[in-house]
Amino acid sequence: ATAQIGVTGLAVMGRNLARNLARNGFTVAVHNRTPARTRSLVAEHGDEGTFVPGETMADFVASLERPRAVIVMVKAGAPTDAVIDELVPLLEEGDIIVDCGNAHFADTRRREEALRAQGLHFSGTGVSGGEEGALLGPSIMPGGSAESYAKLGPMFEKIAAHVDGVPCCTHVGPDGAGHFVKMVHNGIEYADMQLIAEAYDLLRAGLDATPAEIAEIFRDWNNGELESFLIEITADVLAHTDAATGRSFVDIVQDRAEQKGTGRWTVQSALDLGIPITGIAEATFARSLSGHVDQREAARRAFPDAGEKWQVADRDAFVEDVRRALLASKIVAYAQGFDHIRAGSKEYAWDIDLGGTATIWRGGCIIRARFLNRIREAYDEQPDLPTLLVAPYFAEAVGAGVPSWRRVVADAARAGVPTPAFSSSLAYFDALRAERLPAALIQGLRDNFGAHTYQRVDRAGSFHTTWAGDRTESPA
Ligand code: NBP
């Protein structure tokens, strides 16, 4: 047994992760259900490091040093369970199975519990960054026991992306914590992309600008607070011309956004935990809406001229308004995402370090951004921060952006340009800072039709009014 770690499942992700490990000096056992993939990996990349190919699962496991660490990188769902079932009889107490696929955290919790009962460690590990990240340095979010991290940590921290010399990998927490954090990461990615898309749409409508001109604006924004991978590639995509037609690429692509489901998982979990992640939810619904082609067609025909003509007087001021509104909305989306992680951590007793989570997203992953440093600072300064919105840096950015945010959302509403994420983020902000919410009326209605009781502002206890009778109030 010579291999320090093994990878089973050698499609694009597993293959690149195995190569990354090998390139970093680790001896990597490799295996795939269809052995041709194993052979081609060794044939094409065998010179990049030391691979120990296993034709069968038994050969593969036998080539691993103890405690064995096996990365499973197969299609999420039933294939993961099938591979685990095949591995378990071949493993011994203290060995570690690492699921680097996109599993739902509830599945990870179930698998971890079952394997723990058999004396095995199970690390549900989120890996972000796609194919390229897997090869060159992903953001890695490992969950599972501290013992499993003692073995995996040094390897994962070495192959992860690094920012300022710090690896984009940390032990997130027990059982499903890693996959949970990966899920919220993807949810934030949905919100980030929706906000960017709305900003583009606003600039296009307000300035009557071409995609190539808007690309320049994003390029400029990428030199400031908004600097991030997504803003950078937005400029790239907007500047791209379709070779076949000579038109802007963004104009020849069908306007129906697809999804693989992690946005939906994030929203479902947030609903269960009672955490308003309106930015992620609007982004997920906006993708769904874009796909309802028949409804869109019918509504377009019914309401052809529902908006007013948009005339921007000062172009530079408008661009700056959109930039500030984008930053403020983005801060809301992150604040909500971190609230969600905090709630998940509490519910499942994971003890997740929120600042540490921001740190491992600074590189390797899709939402990598300069501004994540600020999230780390905010939680370092005040670990029990009620919301990121009130941390000094974010409070200043949001506060400075409020007039712009209101102008942009109001102008868009008048012009009939949909801004679900911009406007719901502003509504969230206004609701959070409101002195009184109309929730009081909702409590009154609930008590009226269902005797659900309410609490008073001036006395402790729960009360009910006899709405159908003499309207006297009594303690409930
Ligand atoms: P796929 O998700 O396409 O899965 C293909 C792999 O699963 C092949 O190795 C295949 O073996 C194996 N497999 C299947 Br399918 N059923 C199996 C079974 N019953 N038993 C054993 N092996 C089985 O590969 P991928 O695109 O490399 O993604 C791998 C994981 O990484 C997925 O969970 C995916 O969601 C996740 N992912 C993450 C990112 C990211 O950015 N983090 C990107 C893409 C994917 P075969 O060769 O014998 O058919």
Side-chain angles (χ1 to χ4, degrees), residues 1-11 13-33 35 37-39 41-43 45-74 80 82-101 108 111-112 114-127 134-135 137-138 140-160 167 169-172 174-175 178:
T2 54
Q4 290 157 288
I5 191 158
V7 180
T8 180
L10 301 174
M13 290 295 290
R15 181 184 178 95
N16 281 358
L17 207 60
R19 289 174 61 197
N20 187 352
L21 283 159
R23 287 170 169 203
N24 275 287
F26 300 107
T27 302
V28 191
V30 285
H31 169 267
N32 192 69
R33 177 180 61 177
R37 279 200 209 265
T38 315
R39 292 183 208 129
L41 167 60
V42 176
H45 304 287
D47 58 346
E48 292 177 6
T50 312
F51 296 101
V52 185
E55 286 275 315
T56 66
M57 193 66 104
D59 294 345
F60 168 70
V61 169
S63 69
L64 289 162
E65 289 175 2
R66 294 203 58 203
R68 303 179 183 91
V70 181
I71 293 177
V72 178
M73 203 32 150
V74 299
T80 305
V83 173
I84 291 172
D85 288 347
E86 201 182 342
L87 273 169
V88 167
L90 302 168
L91 298 177
E92 292 169 281
E93 198 171 327
D95 287 349
I96 307 161
I97 297 178
V98 189
D99 177 15
C100 285
T108 302
R111 290 170 181 142
E112 195 276 338
L115 291 170
R116 184 160 24 99
Q118 299 177 70
L120 298 173
H121 296 283
F122 183 69
S123 165
T125 295
V127 179
L135 182 63
I140 309 181
M141 297 155 248
S145 63
E147 297 97 293
S148 67
Y149 195 76
K151 163 111 185 180
L152 301 171
M155 291 189 269
F156 283 174
E157 289 179 18
K158 191 149 186 215
I159 67 163
C169 173
T170 189
H171 181 217
V172 179
D175 60 84

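Reckoned from all heavy atoms, side chains included, excluding hydrogens, waters and symmetry mates. It should be emphasised that the depicted structure is a prediction, and the values quoted were computed from it without experimental measurement. Along the sequence shown, the residues carry numbers beginning at 1.
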#### Entry: Backbone of Gln4 reached by a side-chain donor or acceptor of Glu65 within 3.5 Å
no
### Query
Any idea which heavy atoms bring Val61 and Leu90 closest together, and the distance?
CG1-O, 3.5 Å
#### Entry: Interatomic distance, Glu93 atom CD to His121 atom NE2 [nearest 0.5 angstrom]
8.5 Å
### Contact summary for Ile97 and Leu115, nearest pair of heavy atoms
CD1-CD1, 4.1 Å
### Query
Are side-chain heavy atoms of Glu55 and Thr38 found at a separation under 4.5 Å?
no
### Message
Can you tell me how far apart CZ (Arg111) and OG1 (Thr80) are? Round to the nearest 0.5 Å.
### Response
5.0 Å
### Message
Under a 3.5 Å cutoff, is there a donor and acceptor pairing between the side chains of Thr8 and His31?
### Response
yes
#### Entry: Candidate list Asn32, Leu41, Val30, test side-chain contact (heavy atoms from CB on, under 4.5 Å), partner Arg15, passing option
Leu41
### Query
Where is the tightest heavy-atom contact between Pro154 and Tyr149, given as atom of each residue plus distance?
CD-O, 3.9 Å
### Query
So Val72 and Leu87, side chain to side chain contact (heavy atoms under 4.5 Å, CB included) or not? Walk me through it.
CA-CA 10 Å; Val72 178; Leu87 273 169; 3.9 Å; yes
### Query
Can you tell me how far CG of Leu17 sits from CD1 of Ile71, rounded to the nearest 0.5 angstrom?
5.0 Å
### Task
Report the distance from atom CG of Leu152 to atom CD1 of Ile96, rounding to the nearest 0.5 Å.
4.5 Å
### Summary
Closest heavy-atom pair, Val7 versus Gly14, reported as atoms and distance to 0.1 Å, is CG1-O, 3.7 Å
### Query
Pro89 and Glu86: which non-hydrogen atoms are nearest, and at how many Å?
CD-O, 3.4 Å
### Query
If we only count heavy atoms from C-beta on, is the Met57 to Val83 side-chain gap below 4.5 Å?
yes
## Note on the structure
The reported gap from NZ in Lys151 to OG in Ser123 (rounded to nearest 0.5 angstrom) is 13.0 Å
### Query
So do the side chains of Phe156 and Thr125 get within less than 4.5 Å of each other, counting heavy atoms only?
yes
### Message
Any side-chain to backbone donor/acceptor pair from Asp95 onto Glu92? Under 3.5 Å, distance only.
### Response
yes
#### Entry: Straight-line distance of Cys169 SG to Lys158 NZ, nearest 0.5 Å
14.0 Å
### Summary
Heavy-atom nearest pair, Arg37 first then Leu10, reads CD-O, 3.3 Å
### Query
Please walk me through it: do Ile140 and Glu157 pass side chain to side chain contact (heavy atoms under 4.5 Å, CB included)?
CA-CA 8 Å; Ile140 309 181; Glu157 289 179 18; over 6 Å; no
### Query
Are Phe122 and Val98 close enough, and set up right, to give a side chain to side chain contact (heavy atoms under 4.5 Å, CB included), and what steps lead you there?
CA-CA 6 Å; Phe122 183 69; Val98 189; over 6 Å; no
#### Entry: Residues Asn16 and Asn20: side-chain donor-acceptor under 3.5 angstrom
no
### Message
Checking Phe26 against Thr50 for the side chain to side chain contact (heavy atoms under 4.5 Å, CB included) test, could you report, in this order, the C-alpha distance in whole Å, the side-chain angles of both residues, the deciding distance, and whether it holds?
### Response
CA-CA 7 Å; Phe26 300 107; Thr50 312; over 6 Å; no
### Task
Please examine the side chains of Phe51 and Arg19, heavy atoms only from C-beta on, and report whether any two atoms are closer than 4.5 Å.
yes
